[in-house]
Every structure is written in C-alpha cells, then in structure tokens.
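The structure appears below as structure tokens.
Read the numbers this way: they start at 1 and go in the same order the structure lists the ligands and their atoms.
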Amino acid sequence: MDPSSSAKHQGMEDSGVIESYKKSFSDSRRQYANEQLLKQRAFYARNKALEHLDKYLLDFEGHLNKNQGKILWAPTAEAGRQELLASARVSGKVITHQHRLLEEMGLLADKPAGWDFLDKDYYTYSEKNEVFPDWRKSRKPGTEARSLLPGEEDCAVLFPEFYISENGFVVLAANDPLIQQCLAGCGKVIFVLGLEQLCISMADSELLLSLQSVYKYGIADHSQYIYTSGSLLTREQRSSKEIQVLILDNGRTDLLAEIPQRQALYCIHCGACTQNSNRFSLDKGKFTGVINAIKAPWLGGFGKYSGLGFEFPLSGRASLRCPVNINLKNLVLENRRQAIERKSPSRSDHLAWMTWKTAMMNRRWLNKGAGMKNFTLKSFFRKQWGESREFPKIRDRSFNEWWIQTRGKNEI
Ligand code: SF4
C-alpha cells in the first residue's frame, strides 16, 4: 500500500476517534453539578496522599501483608526491571499488556522472550498511549478479540490505576475481559505501580476514578473497575494464588521533594492535557504529552530531557482541562528555570544563544539581508518548531533601516 494513502487513512481514523471521544466527553461531563469543586477536592486528595506518603505506604504494606500479598520496592528503573523479570520467572507464560511503566523500565524497547502482550494487535504504546487511551477503540481493522485460558502455572503482570492504603487493595480498569481472565486464572499476579499512584481511602479512589473515567474514556459510568487485594483468605488458610505489588520509585521521591514541581505527581494519567495541548494540535500527537515532558527531567535526568520544557507553548490551554487542577503552565515555566539554573540546555542551545547575542549586539549583523537570517533561524529551530508549522519570516528591512528610510537619519 502507498505509505501516503495509509497515513491519510490513519489520519482520518484518528480524527474519527477524537471526534467521538469529544462528543462522549462533553455528554458525560453533564453529570457534575459543580465540576470545579470536584477538581479542587481531587487536588486536595492527591496533595494529602503525597504529603504523608511515608505513613500511607506503611499502612498499605501492612494491609497487603495481612491479605497474604507481598510488596516489592524498586528504587530505580533498572532495579524494577530486574525485580520484575526475576519475579515473573514461572513455568508457564507471562501475560501482560503495553504500559508506560514497562516503557520506563525498558521492557517495551527490549521485550522479554516468552512474554505475551495482550495488545500486540493494537497500536503501539508510544504512538497512542494517553492520546487515545481507550485502546479498544483503536483496534486494527480485521483483528479479532483473543480468548485466553490462563492456568496456575502462568503469571499476569497488570497495571492498576491506584493502590489504597486504608485496606491494601489495588484498583484496575477492567475495560478488557482478558484482564479479568488473567486475574481469575493465573497462579501468580504481579501488580506494577508508580510510587505516586496512592489513594488514602476508597472514597478518594471513587472520586478520582469518576474523573478519570470521564476525562480518559469519555464515559460517565465508572463501574468498570475492579478492586482486588491479596488472596483474601483468612490468615490460617494458605492461598493458592501468589500476589505481589511492585512499586517503582525511579526519581519520584526526588520530584516529591521539589515544590511546586511535585504537583506533577498528582497526575491521574487521563491524557486530557495531551489531547488539549496546542502542541498536540500542531504536531498531531507525534510528541510526548506536556505532563510527561514535565516529569521526564526528574525521572530521566536533566541532562537528557531539560530541553523538553522549551518545546511547549505557555498558552495554559492544557492546564484548564486537567481534572486534578495541576497548574501545568506554571510547572513548565519552573522546569525551564531549573534547566537554566543547572546550565543543562544542550550544546547546540548554548551555541544558538551565543550567536544570537553576538548578532543582536552588532548593528552590521542586524542589518544583514533577511535571506541569511531566515536560513540561520530556521536551521537552528527546525526540530523544536516541528514540520506542521510555517517558520515566521523576517522582513527584508530591519527596523533601523526602515526608520532611516522613512524618517531620515537626523531623527535617530
Ligand atoms: S496532568 Fe492532568 S490532564 Fe494531564 S494526564 Fe495528568 S491528570 Fe490528566
């Protein structure tokens, strides 16, 4: 098939998905009498959970242990990867699906042998995650739903939305029947979560799930979630099912120590900011979402990701849509400030600004022909500007030349 016609077809399919999402999103929002108040409550719930994270983590571990579950701590992505690979070593198969946490641990780029990805018939994670989060809608044409019959010897690696400290439960979006089959059939289940995905109480999780359901899937009904814990037997009985919860830190505690950037950890991964960001509109989802750009320097290092903050416009459009009232615009600005203080912009950025400064302080350079200035600026900023936008053109005459020509040299 001609690649351009395939891309065109893909674009039409995407816009169809976006339109249907937007419609169901605005319909489902009508259920809220005072949405702003709910958003404030959600912000407060996330703030409280993360403010006292150390205490609530211990509560969660205590409750999970009582339910015969076991917690695994992963301070870094590499430790998480090793821990997960070791824990998921079973005689049967490992069943999972693509997820941002697997990508963070490098298990999507380098998929382990013998792992069965449920969503391998769908679009890949990095293309679609948090842009079209309901991946059932993005099924490739002609692919059939598979039926699994997991056994005792198999292991499921699943990704709950939250973990709840007051009772040691985790909550999973049950939007695929295969997940329920895994929970029921596999002899071992490993839940993987980021450290920040903590809810203090069931009531808080209800509120966050309701908002997530509307903002992520565009549906008002949030009954499609499963609460589960360890084997839930009495302590005297021995469970046949092994439950483990792997909690990944990987820089999250560093981010937690930063005020105000810690707000980035309040995110409930609904994807609304990505879908409503000007960056996404301009580049059609080609680049990472604004919240990931804010977190990336903290989780992956300033040296590598500090430039991301400079790629997003400060329109504030994404912040308005966030269901937990995260001030994304402010966080982008803060990240830029940190990047400059740490002197971490790339060498090409340094070179660009040095050249800019030299040129701006020299009248001869300022009055140079527009052709060369246009070429230089376009070459420097091509990557940041993207392919979809026309780079602004510099006028043929500089302001200085215009002034002299229209008012004469005497008026300078
Ligand atoms: S920052 Fe807000 S809008 Fe963006 S994914 Fe997180 S919760 Fe959703």
Evaluate the ring planes of His99 and Phe159, with Trp represented by its six-membered ring, and classify them as parallel (under 30°), tilted (30 to 60°) or perpendicular (over 60°).
parallel
Going by distance alone, is a donor N or O of one side chain under 3.5 Å from an acceptor N or O of the other, for Tyr227 and Ser205?
yes
Name all pairs fulfilling the side chain to side chain donor-acceptor pair (under 3.5 Å) condition that reach into residues 184-197, sequence neighbours left out, sorted by first residue then second.
Glu196-Arg252
Check ligand 1 against Ile268 and write out every atom of the ligand that is under 4.0 Å from a heavy-atom position of the residue.
6 (Fe), 7 (S)
With a cut-off of 2.8 Å, does Cys322 place any N/O/S atom under that distance from atom 8 (Fe) of ligand 1?
no
What atoms of ligand 1 come closer than 4.0 angstrom to any heavy atom of Gly271?
5 (S), 8 (Fe)
Contact list for residues 293-303, test salt bridge (Lys or Arg N to Asp or Glu O under 4.0 Å), sequence neighbours left out
none
